[in-house]
Amino acid sequence: MERSSRSVKKYRRDLRKALENEYLRKTLDNFAVSYREARERAFEGTDFEKLRLELASSRQSAMERLEELYARFKENAEKKGAVVYRARTAQEANEIIHRIARDTGSRKIVKSKSMTAEEIFLNAYLEKREYRVVETDLGEWIIQLCGHGPSHMVMPAIHLCRRDVAEIFQKYTGQPIDPEDIGAMVALARRELRKEFIEAHMGISGANFAIADTGTLGIVTNEGNARLVTTLPPVHVALVGLDKLIPDTKTALRILRLLPRNATGQAISTYVTWISGAIPWKGDKGGQKKLYIVFLDNGRSEIAKDPVFGEVLRCIRCGACANVCPIYRLVGGHNYGHIYIGAIGLILTYFYHGAENDEAIVRNCLNCQACKEVCPVGIDLPYLIKETYGKVLEYKGVKPVKNLLLAKILRDRRLFHFLLRRARFIQKPFADSDGMIRHLPLFFMKEHSFRSLPSITARPFRDRWPSVMPKPRAEKEKVAFFAGCLIDFVYPEQAESAMRIFDRLGVSVTFPEGQTCCGLPALMAAEKETSRQVAMQNIEAFVGDASDCRYIVTLCASCGSHIKENYPRLFASEEEQRRAVEFSRKVIDFSSFVFRLIGEGKSYFSASGESVTYHAPCHLCRGLKVKDAPRRLISAAGYSYVPSSEEEVCCGLGGSYSLEFPEISRELLSKKLDNVQSTGAKYLVTDCPGCLLQLRGGMDRRGNPLDVLHMAELLDRALKR
Amino acid sequence: MAETAKLVDEFVSKARAVQCEVILAGSFLEACEKLADCIGQVTPVVISGFEDEAMTLIEQHLSAKGIDFHTGSVRDLLPGFPIAVTPGHLGISETGTVIIESTSEDVRLASMLADHHIIVMPSSALRCEVSEVEHFLEDLLRKPSAYVAFVTGPSRTADIERVLTIGVHGPKEITVILYEE
């Protein structure tokens, strides 16, 4: 099914429509929860990290030897009677398959599921030339009958309800179909499609992997249709992306340990089919089946050589990155991809279907890292999505105003801070007496009004520093403090709380004045040069009186995660990289640092027993991989920790994401706040000022049933004086 | 022996979790009896893939119960038939999987087109984990042509509203008769 490209404006309209689709919302919501549980059960007792590292390494080395593997596969498969082709482009692949159909007199074709075939629009190509192509995977057959594209890599018809399917089957058979009897509908598919299998001249399948050592194709399925597609007809054509090549059976079994568990939460799929060479066929032409294997390049061999993007070829098409994506959960696959769906789809679309088809969807990423956490081959999806966005901008040749401003302003720290201070006066007329901005001027569209906004402070933290600097009686530790823009210019009181705690705990602090924005907003806008420049400014600022500190503590998980993960890879020269690594190694988030210092030590705090629930910032729980310390700190500080549902799902801020896609941001926030409110807790605590901005702003709109605090504020409140 | 018993227990538990029936038998002969019970009066029955010796024993047992089975090419029975019986060549306890060497078209069609697929396998064929079948699998795949099937329970789909339905294109029922060798 062909897809047309979308402008950002059209895309946002489609998103709004999708958000209103109640059935889709409910289905995807249920799926998100049950998938998470099923996946957890499937991985119980196994070391996912270890399995992932092994598979990532296998897949990476396979990609690096792509040509060698292809040559070996071709040699081994041809020895066994297969005919092996290599198509440079989608067009070529379609032509080759057309030629095979023509030469073998195959008019009726049955297909088992193949994302590669979707990628090249094979069905449309063949149908235009009067071939009858029947999809046999139940979900694919259903959407073929109604003309939809797949909305998920593994469950293509998830967007259709039983009534939809009954209607589709009714139209097909001319008989009434009971929409409540799903078993009967499946039985109908079994009957109807069996006829197709038997009458088909050719079966087209994909392959999950292609083993070079033995010229073997591996197919992972549950329904049994791939088995019939590759057995009943006299001709079997397998369409296989070059990236499916692996060296040996060992690697195949490694893939099997992860693919079904990650895709559907099954320990193994119902069927794994291994086809090696042309096999016997006893239909009326007799003898041996004709086996044609068509490898598709379509840009893969170039990607394999790319030092940044090469790793996307490790993908084993498990679909997990879509399954855990909070945005996919809201809008479904037709809006979270083009042909390929999910985080990987945002990247692959650029390469396989062009920048025009990627330009809208590639922006739709929160950078919440949920996909990266579950990717079985360790692809850094969020990072590559931003890199892809950079390529799309290059292609367009025109940068958004936001990018131009970022580049000009951020690089000059004094200019940046000057403007921030001045911005306060622009905001002043709109702020209420408590500093919150609840009524934006008319020209701000009402989509943005789902949360109140804080105003820029009159006195940034750096101005207050001399008077709030900790002066502990006995110094246990000396740390450097990295504030970040939000703490410095919007929430300086949170840093003041932190300083009071440091004072009490015997920690002295140095605050280098030359520090500036960490640079994350620039990287998210694909402004790499700007990001690199501010990173170096920060590294330089912390040389000198901060160089003897073991730790650089930050109250902002986003800054911390960006510095730790991204700083080292922003620089090309060895020297700069070394400095970046040294700098980033010291960075630690506030909660981890305090917990490290006091452990369960409750003596510093008066036990109030007040109930507190927690929001885990994406950049803390997945970026910095800190999950335990904050929760234990809550109890250590004398509060009663009440867990809320889905604590680790994104709050919806995503930095400037909430400005670009406010409807999605609002939905995510709404769900989060509902979960938080149902705990009945008195406080909501989090350790990132970005999340705090979003959460407090949303809570304010709800009349503040809970107070939203930064961990520093929560601890400060309980600190024994 | 205790090792095998553990493997059997694990296999039974994992197979049952994926809607695969497992029947235990003390010997191949007993397995033939259980097989006859499974089949009952249902017809036609396809039997495929057994070694000559085993096949003779099965034939004898079934004939004695008045059960006859299809002897020609399985293609003659298109579009399908109620029961097929094949051997299982290796089993994986970790997942409840049976590995069937299926290069012969008859074995393939038998295992794909039947409503109820019965697999007869010795408990000595059980292995603990997926990784342990690597060499067995590789040896098969090195042959000039090979079609090997990993089968774990009956065919299934959740494509309609994520409701799990057993029995799509492949068998709706799987029974493994596991006998002690």
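What you see below is based on every heavy atom in this structure, not just the backbone, and it leaves out hydrogens, waters and symmetry mates.
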With a 4.5 Å heavy-atom cut-off, do [X] and [Y] have their side chains touching?
X      : Y      : value
B:R162 : A:S34  : yes
A:L160 : B:I160 : no
B:T165 : A:M185 : no
B:D159 : A:V186 : no

Give a yes or no on this: more than 12 heavy atoms of other residues, nucleotides or ligands lie within 6.0 Å of atom [atom1] of [X].
X      : atom1 : result
B:K65  : NZ    : yes
A:D47  : CG    : yes
A:K290 : NZ    : no

Please classify the contact of [X] with chain B as side chain, backbone, both or neither, using a heavy-atom distance under 4.5 Å.
X      : answer
A:F31  : both
A:L193 : side chain
A:D213 : both
A:A278 : backbone
A:L138 : both
A:N30  : both
A:T273 : both
A:S269 : backbone

Option in [options] with maximal non-hydrogen atom pairs under 4.5 Å from chain B:
options                       : result
A:I275, A:T230, A:I279        : A:I279
A:P280, A:A252, A:G224        : A:P280
A:I211, A:I198, A:T27, A:I142 : A:I198
A:G215, A:G139, A:G277        : A:G139

Side chain / backbone / both / neither for [X] at chain A, heavy atoms under 4.5 Å:
X      : value
B:P154 : backbone
B:L137 : side chain
B:L140 : neither

Quick one: does any side-chain atom of [X] pair with a main-chain N or O of [Y] as donor and acceptor, under 3.5 Å?
X      : Y      : value
B:E105 : A:K282 : yes
A:R194 : B:H169 : yes
B:R108 : A:L232 : no
A:R190 : B:V168 : yes

Practice task
Identify which of B:L113, B:T157, B:V163, B:V130 forms the greatest number of heavy-atom pairs closer than 4.5 Å to chain A.
Solution key: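 Most heavy-atom pairs under 4.5 Å with chain A: B:L113.
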Problem - For the student: nearest non-hydrogen atoms of A:T231 and B:R75, plus distance - result: O-NH2, 3.6 Å
Sort by residue number and list every residue of [range] having at least one heavy atom under 4.5 Å from chain A.
range                       : result
residues 90-103 of chain B  : B:E94, B:T95, B:T97, B:T103
residues 114-124 of chain B : B:A114, B:D115
residues 11-50 of chain B   : none
residues 141-153 of chain B : B:L141, B:R142, B:K143, B:P144, B:S145, B:A146, B:Y147, B:V148, B:A149, B:F150, B:V151, B:T152, B:G153

Problem - Carboxylate-amine/guanidinium contact A:R162 B:E161, below 4.0 Å - result: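 Salt bridge flag = yes for B:E161 with A:R162.
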Handout entry: A:R227 and B:S155 side chains, donor-acceptor separation under 3.5 Å
Key = no
Exercise for the section: Assess the side chains of B:E138 and A:T249: does a donor N or O sit below 3.5 Å from an acceptor N or O? Expected result: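 Yes - a donor-acceptor pair under 3.5 Å links their side chains.
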Handout entry: Separation between NZ of A:K195 and CG of B:L78, rounded to the nearest 0.5 Å
Key =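 A:K195 NZ to B:L78 CG: 14.0 Å, rounded to 0.5 Å.
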Practice task
Could you give me the CA-CA distance, side-chain angles and deciding distance for B:R156 and A:Q266, then say whether side-chain contact (heavy atoms from CB on, under 4.5 Å) is met?
Solution key: CA-CA 12 Å; B:R156 67 198 59 225; A:Q266 291 174 281; 4.0 Å; yes
